[in-house]
Enquirer: 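Would you mind keeping the following structure in view while I ask a few things?
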Amino acid sequence: RDDIPVREGQMEISSAGDLGAQIRKARKEQGLTQADLAGASGVGVRFVSDLEAGKPTCELDKALKVVRMLGLRLQLEP
């Protein structure tokens, strides 16, 4: 729904591409390579690459591992 406001400091994620862009941004801000992030998250480099590219079929459990590794949090709100 477009009528739900996004709080300051939060990002609305409405597609796999949105999630991938935020993961890429956080990774770069932390000075990590895709290989660094993959190793620390326990996933493959190809997975990180696909996730950042917004591949819609990426596994949710693995994506959440990457999100947590970067210190990010996904939150659902009504």
Side-chain angles (χ1 to χ4, degrees):
R1 290 180 28 195
D2 293 331
D3 60 339
I4 299 173
V6 177
R7 294 183 196 141
E8 186 176 337
Q10 292 183 336
M11 168 61 70
E12 181 175 333
I13 302 295
S14 59
S15 70
D18 291 344
L19 179 60
Q22 291 306 305
I23 288 172
R24 179 182 306 108
K25 179 181 175 199
R27 174 182 61 78
K28 288 185 174 190
E29 286 174 352
Q30 294 179 34
L32 299 171
T33 66
Q34 287 183 339
D36 294 335
L37 179 56
S41 302
V43 301
V45 175
R46 176 67 184 258
F47 179 82
V48 171
S49 176
D50 287 346
L51 182 61
E52 288 186 357
K55 183 177 178 182
T57 58
C58 283
E59 294 177 52
L60 181 58
D61 188 51
K62 287 182 179 180
L64 292 173
K65 286 180 182 180
V66 172
V67 167
R68 284 190 301 271
M69 171 52 211
L70 289 168
L72 302 174
R73 181 179 71 186
L74 291 181
Q75 181 173 328
L76 298 176
E77 295 184 1

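As a basis for the values below, the full set of heavy atoms in this structure was taken, side chains included, without hydrogen atoms, waters or symmetry mates. Heads up: numbering here begins at 1 and tracks the sequence. What you are looking at is a predicted structure, and each value in this text was computed from that prediction instead of being measured.
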Enquirer: For the residue pair Glu12 and Asp18, what are the closest heavy atoms and their distance?
Expert: O-OD2, 3.9 Å
Enquirer: Only pairs at least two apart or in different chains count here, so list each side chain to side chain donor-acceptor pair (under 3.5 Å) that has a residue in residues 26-42.
Expert: Arg27-Glu52, Thr33-Asp36, Gln34-Glu52
Enquirer: Heavy-atom distance under 4.5 Å between the side chains of Ile23 and Leu37, does that happen here?
Expert: yes
Enquirer: Would Leu51 and Met11 show up in the same hydrophobic cluster when neighbours are defined by side-chain heavy atoms closer than 4.5 Å?
Expert: yes
Enquirer: If you take all heavy atoms of Ala40 and Met69, which pair is closest and at what distance?
Expert: CB-CE, 3.5 Å
Enquirer: Would you be so kind as to tabulate the donor-acceptor pairs closer than 3.5 Å made by side chains of residues 57-64, with sequence neighbours excluded?
Expert:
none

Enquirer: Check for me, please, whether Leu32 and Val45 land in the same ILVMFWY cluster - side-chain distances under 4.5 Å, paths through other members count.
Expert: no
Enquirer: Identify the two heavy atoms, one from Ala16 and one from Gly54, that lie closest to each other, and give their separation to 0.1 Å.
Expert: CB-O, 3.3 Å
